[in-house]
Amino acid sequence: MSRIQPPKGFRDLMPDDFKAREYLKRIISETYEQYGYQPIDTPVVENVDVLEGKGGGENEKLMFKVLKRGNKLSKAIGAQDWARLADMGLRFDLTVPFARFVAAHLNELPPVFKRYHIAPVWRADRPQFGRFREFVQCDVDVIGSDSMMAEADVICATATCLKRIGFGEGLTLRINNRPLAPLLLGAMGLPENLLGEGCRLVDKLDKLGIGGVCEELQKTGASGETAQNLSAFYKSTEAANSEGRIAAMREAVSGEDADALIGRIEEILDLCEGVAEIDIVFDPFLVRGMDYYTGPIFEITHPDVGFSLAGGGRYDRLVGMFCGNRDIPATGFSIGFERILVLMKERGMLPENQSGIDVVVCADGTGVSGRALIAAGETLRAKKLKVDVALTGGTVGKTMQLAQKRSAAFGVILRAGDPDNAEVRELDTRRSETMSIGAAAETIAGKLLV
RNA sequence: GUGAGUGUAGCUUAGUCGGUUAAAGCGCCAGAUUGUGGAUCUGGAGAUCGGGGGUUCGAGUCCCCUCAUUCACCCCA
């Protein structure tokens, strides 16, 4: 009985689901194109060495790998070389494959390349609310610009997307500069060897609370003083706005590096001020999981939702991993397509009549030739109407009922003995009129396709 | 990968301390009636209670295993 369900974490899509997804994709792609981003695609599989060791964090562990085939598989098994059973893997995000793409096509691409990519990715984690093993990601990235204008560009574009989707109010973009996080912790007294773990804990602040983070921090070996410093810093900046937090940050962290890193945040805030369609706030406790971030990072949250709707950041060294380690500036933003879709469904933000047709053609009783029905359908379609011809019997009433469920506005009913004319029935009002098929096409097209 | 919960008709669920033939709503099908396809009424089909094993005179109910699923953690979109 359960054999016929798709594998765990994977989904079949019914027409309504599919149309809803197309609707959302369309808003996003149209918006990104308006900002000058170009669509690309890459293979769903990459060589494992492309996907591994590139700072994808935990995601690498969740990779679906593709087993080698034939002799190579036998050889690997024979050698008990378990690490090399697979030679390819399904991509677990769009950023790492994009970095490879850029490296591979560096001399074909313009100096600054802006692309968007809407495509499925796969992760072998346990499915949960709003989380799947196969899900769509929507990434925008700018390659080749180390200006904070690139950040402002992806932020504005993404904010506009979310606004057009229908999340006008309540969205907040939190921003930090990733290298600032270990600097802050260091300034609080955390020893260098604990900085990595410390950053990971700070990232969980929204779940653990400041108390929880400090507690966990001490379990890793941090001193009570460090924990107290951190807690005090958090509490003193919690209620502050970006300006206040930046001031506190400057006080806590000194040095040219820190100044420059904070300066970049200020630049972005300044560029977006009054322009981006979203509230932006500096959050010194934002970290994010990927290890490849080298600069400003950001996340968009909604007060009613426990997870972030979009996230991204700068990764100046990732592309270089595929082409001689030279830095190629890059920054990007990823929209949580699936999560947004779940929210839209819950809140009725999806348009009605997504799987609708305009007209259903059927026969009243037997005696109408199939050919007449098919021909009538074609005549109506010539007027650009979406037409479904009833392919099996059934009463007119039943057919019309089903038609209306599919949001058809009109029924066209052919009768035996009167092959040239048809009854045109308006399904809402149930008024009908008999006319030639040609006239029916004209009339319906006139009413529906204004 | 770790932990908890839930599996009864197509869907949502009820089912007492273990006790006769497992119940209802929605949906579906047929008929009646009205004003048609909607509304109302009548009738009908549809469940080996996720699967396997055990305890018992007797299991939907208790125990074990398994599968599926949901949630939380991890991590993240």
Side-chain angles (χ1 to χ4, degrees), chain A residues 1-11 14 21 24-25 28 55-63 91-96 117-140 158 161-162 165 197 199-208 212 216 286-293 297-302 305-313 332-344 360 362 364 390 394-411 413 423 425-432:
Chain A
M1 207 52 187
S2 55
R3 277 283 93 80
I4 58 175
Q5 295 306 123
K8 186 200 287 284
F10 292 75
R11 295 161 292 170
M14 293 294 273
R21 301 171 77 84
L24 182 53
K25 279 183 195 174
I28 294 169
E58 288 292 309
N59 291 340
E60 288 176 18
K61 291 182 197 155
L62 302 174
M63 189 186 350
R91 63 181 174 216
F92 50 78
D93 72 10
L94 297 177
T95 306
V96 173
H117 194 181
I118 303 176
V121 303
W122 294 267
R123 290 180 198 171
D125 64 354
R126 290 242 184 127
Q128 229 177 93
F129 180 77
R131 299 174 60 173
F132 311 94
R133 288 183 154 182
E134 177 182 51
F135 62 98
V136 166
Q137 271 191 339
C138 312
D139 281 25
V140 266
T158 302
C161 268
L162 291 173
I165 290 162
E197 180 62 20
C199 285
R200 219 165 305 140
L201 285 171
V202 165
D203 196 32
K204 291 187 210 162
L205 189 113
D206 47 343
K207 271 187 190 158
L208 298 177
E216 293 292 318
L286 177 70
V287 173
R288 292 185 59 72
M290 301 312 164
D291 303 327
Y292 51 61
Y293 290 125
I297 51 175
F298 20 83
E299 225 168 73
I300 295 180
T301 50
H302 192 284
V305 188
F307 39 71
S308 65
L309 294 183
F333 219 139
S334 179
I335 292 184
F337 186 86
E338 307 289 346
R339 294 172 168 187
I340 284 172
L341 212 56
V342 168
L343 289 179
M344 291 176 81
V360 166
C362 72
D364 184 9
T395 65
V396 172
K398 202 70 209 163
T399 306
M400 294 299 127
Q401 191 180 356
L402 289 170
Q404 206 167 18
K405 267 191 191 161
R406 297 177 61 197
S407 307
F410 287 91
I413 302 147
E423 178 188 340
R425 188 182 288 180
E426 197 171 1
L427 295 180
D428 283 340
T429 62
R430 296 176 186 185
R431 268 192 300 236
S432 43

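Below, each value reflects all heavy atoms present in this structure, side chains not excepted, and no hydrogens, waters or symmetry copies. Chain letters run A, B, ... following the sequence lines, proteins first, then strands; residues in each count from 1.
- B:C26 and B:U34 are spaced 23 Å apart, taking the C1' atom of each and rounding to whole Å.
- Residue contacts shown for A:L427 include a base, since a base heavy atom lies under 4.0 Å away.
- Judged by atom type and distance alone, A:R126 reaches the base of B:U2 through a side-chain donor-acceptor pair under 3.5 Å.
- Contact between A:R21 and A:V136 at its shortest, heavy atoms only, is NH2-CG2, 3.5 Å.
- Put simply, A:K207 has no side-chain N or O that comes within less than 4.0 Å of OP1 or OP2 on B:C75.
- Across all strands shown, A:S308 has heavy atoms under 4.0 Å from sugar-phosphate atoms exclusively, and none from any base.
- The residue A:Q128 sits close to a base: some heavy atom pair falls under 4.0 Å.
- Ring-to-base geometry places A:F135 in a stacked arrangement with B:A77 (centre distance under 5.5 Å, plane angle under 30°).
- Ring pair A:F298/A:F333: centre-to-centre distance below 6.0 Å.
- In this structure the side chain of A:E197 reaches within 4.5 angstrom of the side chain of A:L201, judged on heavy atoms.
- Inter-residue side-chain proximity for A:W122 and A:R91 is flagged as met; some heavy-atom pair is nearer than 4.5 Å.
- Distance check on atom P: B:U56 versus B:U16 gives 23 Å, rounded to whole Å.
- Of the residues near RNA chain B, A:A124 and A:G397, the one whose nearest nucleotide (by heavy atom distance) lies more toward the 5' end is A:A124.
- For the pair A:K204 and B:C73, the criterion of a side-chain N or O lying under 4.0 Å from OP1 or OP2 is not met.
- Using Watson-Crick or G-U wobble geometry with both donor-acceptor distances under 3.5 Å, B:U2 finds its partner in B:A72.
- Searching all strands for a Watson-Crick or G-U wobble partner of B:G7 with both distances below 3.5 Å returns B:C67.
- When Watson-Crick and G-U wobble pairs are counted only if both distances are under 3.5 Å, B:G18 pairs with no nucleotide at all.
- Taking only side-chain atoms of A:K398, from C-beta outward, the nucleotide of B:U69, B:C29, B:A77 with the closest atom is B:C29.
- Between the P atoms of B:A30 and B:C65, the separation comes to 49 Å (whole Å).
- Within the nucleic acid shown, A:R288 comes within 4.0 Å of sugar-phosphate atoms alone, with no base atom in reach, counting heavy atoms only.
- In this structure, A:R11 is positioned above the aromatic face of A:F132, its NZ or CZ under 6.0 Å from the six-membered ring centre and within 45° of the axis.
- Residues A:E299 and A:L309 fail the side-chain proximity criterion, which asks for heavy atoms closer than 4.5 Å.
- For A:R339 and B:C76, a side-chain-to-base donor-acceptor distance below 3.5 Å is present, hydrogens and geometry of angles not being considered.
- With P as the reference atom, B:G52 and B:U13 are 25 Å apart, rounded to whole Å.
- Across B:A39 and B:C29, the matching P atoms stand 13 Å from one another, rounded to whole Å.
- Partner assigned to B:C62 is B:G54, using Watson-Crick or G-U wobble distances below 3.5 angstrom.
- Residue whose closest nucleotide on RNA chain B sits further toward the 5' end, between A:R425 and A:F129: A:R425.
- Of the possible donor and acceptor atoms, one in the side chain of A:R123 sits under 3.5 Å from a partner among the backbone N and O of A:F92.
- If you take CZ of A:F298 and C1' of B:C76, they are 17 Å apart, rounded to a whole angstrom.
- The side chain of A:K8 places an N or O atom within less than 4.0 Å of a non-bridging phosphate oxygen (OP1 or OP2) of B:U69.
- At a cut-off of 3.5 angstrom, the base of B:C75 holds at least one donor-acceptor pair with the side chain of A:R131.
- Across all strands shown, nothing is found opposite B:U33 as a Watson-Crick or G-U wobble partner with both distances under 3.5 Å.
- Across all strands shown, B:C49 forms no Watson-Crick or G-U wobble pair with both distances under 3.5 Å.
- A:G130 comes within contact range of at least one nucleobase, with a heavy-atom separation under 4.0 Å.
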